[in-house]
Trainee: 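Got a structure here, written out as structure tokens. Questions coming.
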2 protein chains.
Amino acid sequence: MKILELIRTNGVELALEKGDHVFRQGDEDKFIYFVTSGFLKAYYLSEDGKENIKSFIEAGGRIGSLRACYAGEKCSFSLLCMEDCKLLKIEFSKLYEASKTDPEIAFEMVEFLLGFSLKKEIREFEFLCLSAEQRYARMTEENPEFASKITQNEIARYLGVTPVGLSRIKKRLER
Amino acid sequence: MKILELIRTNGVELALEKGDHVFRQGDEDKFIYFVTSGFLKAYYLSEDGKENIKSFIEAGGRIGSLRACYAGEKCSFSLLCMEDCKLLKIEFSKLYEASKTDPEIAFEMVEFLLGFSLKKEIREFEFLCLSAEQRYARMTEENPEFASKITQNEIARYLGVTPVGLSRIKKRLER
DNA sequence: CACGGGTTTTAACCTAGGTTAATTCCAAAC
DNA sequence: GTTTGGAATTAACCTAGGTTAAAACCCGTG
């Protein structure tokens, strides 16, 4: 991974504690973060204070606000450490420029972005075509490892329902 | 655009009529389509025959099933011409291989995928955080040009509600 | 003009999930 | 053991949107 080399030479290492924010919704933060260890959640906060979880990020994952990095906006979500975390961060622009001049990096970016797009496409499908109940069923099948790390409250917020709603769904399903 | 050159030399031109399918859900179709002219819709069909619209594609747009092209699955949606269309198609693998060896192509792919990811991220946000009513309000603001080309029925199916539901939402909003 | 087919609206009824608040559970801390 | 605080469940009530079917509307065609 040539990108990882680039980060080792150009990036900055961060050690954060459980409960720390990497950045907050509204910040201008044009970095991409590579998760060395730990576990994070990315979440939106609506005006009336409601939390909606965009994604969970495990060791090996990457995250950054595309809208902030690439569309010149503020971060549209917050990023929070749910455990102590080690991260490597690099300016998005460095990655972007590097992919202009370095073919290997460009190709690795293509690979990463394809994987990312695929995931987002599947999530779009789930919201567009499935009920909350079906989304929950899929989640328990496909991400059983999350169950131990996150509360049911957070699963609900990730699926787009309230904790109360999810509790009902579970009960309905166990029959 | 070096990608467009590649397509002119390696791609195939298609002229389709209104009502034709480019491919159908379940097909193995590993092409990326560049829309020269016309207007199409990409939609999912559920087991019980319900249609959910993934996206509309205008001239200048590109589309293909990522799951088919990149994840080795069947097409997860169908692609239908809503007007007579001129398309250019190319095997995804050709684009992918080219981005391994040709830095310009790789960079153009990065640009395209960043734009695509951004759009999907916004759609995820809309489903996760907004009500159907809010999604409709945003759509009328941001894609007023669609209104003339598509029926309200289809707007509903794109927003994830039924036509009846959307009719109600409209009525509620006009007060 | 009348006809016919598709789109939109309306109405009546139903269901999933939201809201609020009370209750129960559980686990860590004492 | 008891206390305490967060997580999950339950219950009662409410609302948005689904479902079905009928009505109204809108065109294009003969």
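To find a chain, count down the sequence lines: A is the first, B the second, and so on, and within it residues start at 1.
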Trainee: Can you identify which nucleotide, out of C:dT10, C:dT20, D:dG17, has its nearest atom closest to the B:Ser131 side chain?
Mentor: D:dG17
Trainee: Take atom CD1 of B:Ile155 and atom P of C:dT7, then tell me their distance rounded to the nearest Å.
Mentor: 13 Å
Trainee: Report the nucleotide, chosen from C:dA12, C:dT7, C:dT19, that has the shortest atom-to-atom distance to any side-chain atom of B:Arg168.
Mentor: C:dA12
Trainee: Compare the minimum distances between each of C:dT9, D:dT10, C:dG18 and the side chain of A:Val164, then state the nucleotide with the smallest one.
Mentor: D:dT10
Trainee: Rounding to an integer number of Å, can you tell me how far B:Gln134 CD sits from C:dG18 P?
Mentor: 14 Å
Trainee: Counting only side-chain heavy atoms from C-beta out, which of C:dT9, D:dA16, D:dT19 sits nearest to B:Arg172?
Mentor: D:dA16
Trainee: Are A:Lys171 and C:dA16 close enough that a side-chain N or O sits under 4.0 Å from OP1 or OP2?
Mentor: no
Trainee: Check the phosphate of C:dG17 against A:Thr162, side-chain N and O only, distance under 4.0 Å to OP1 or OP2. Yes or no?
Mentor: no
Trainee: Write down the distance between CG (A:Leu130) and C1' (C:dA16), rounded to a whole number of angstrom.
Mentor: 15 Å
Trainee: Answer yes or no: does a side-chain N or O of A:Lys170 lie under 4.0 Å from OP1 or OP2 of D:dA8?
Mentor: no
Trainee: Report yes if the side chains of B:Ser167 and B:Gln152 come closer than 4.5 Å at any heavy-atom pair, otherwise no.
Mentor: yes
Trainee: Kindly check if the number of other-residue, nucleotide or ligand heavy atoms within 6.0 Å of NZ (A:Lys149) is above 12?
Mentor: yes
Trainee: For B:Ile169 and C:dT10, what is the distance between atoms CD1 and C1' respectively, to the nearest whole Å?
Mentor: 16 Å
Trainee: Rounded to the Å, how far apart are A:Glu51 CD and C:dT19 P?
Mentor: 14 Å
Trainee: Report which part of the nucleic acid A:Leu166 touches: base, sugar-phosphate, or nothing (heavy-atom distance under 4.0 Å, all strands).
Mentor: nothing
Trainee: Given atom CD of A:Glu133 and atom P of D:dG18, what is their separation to the nearest angstrom?
Mentor: 17 Å
Trainee: Counting the benzene-type ring for Trp, do A:Phe125 and B:Phe127 have ring centres under 6.0 Å apart?
Mentor: no
Trainee: Just to be sure I understand the rule, does A:Ser167 reach a base, reach only the sugar-phosphate, or reach nothing, if contact means heavy atoms closer than 4.0 Å?
Mentor: base
Trainee: To the nearest angstrom, how far is B:Asn153 atom CG from C:dG5 atom C1'?
Mentor: 14 Å
Trainee: Does the separation of the ring centres of A:Phe107 and B:Tyr96 fall below 6.0 angstrom?
Mentor: yes
Trainee: Between B:Gln25 and B:Leu45, is there a donor-acceptor pair closer than 3.5 Å when you use the side chain of the first and the backbone of the second?
Mentor: yes
Trainee: Starting from C1' on D:dA8, measure out to CD on A:Glu154 and report it in whole angstrom.
Mentor: 13 Å
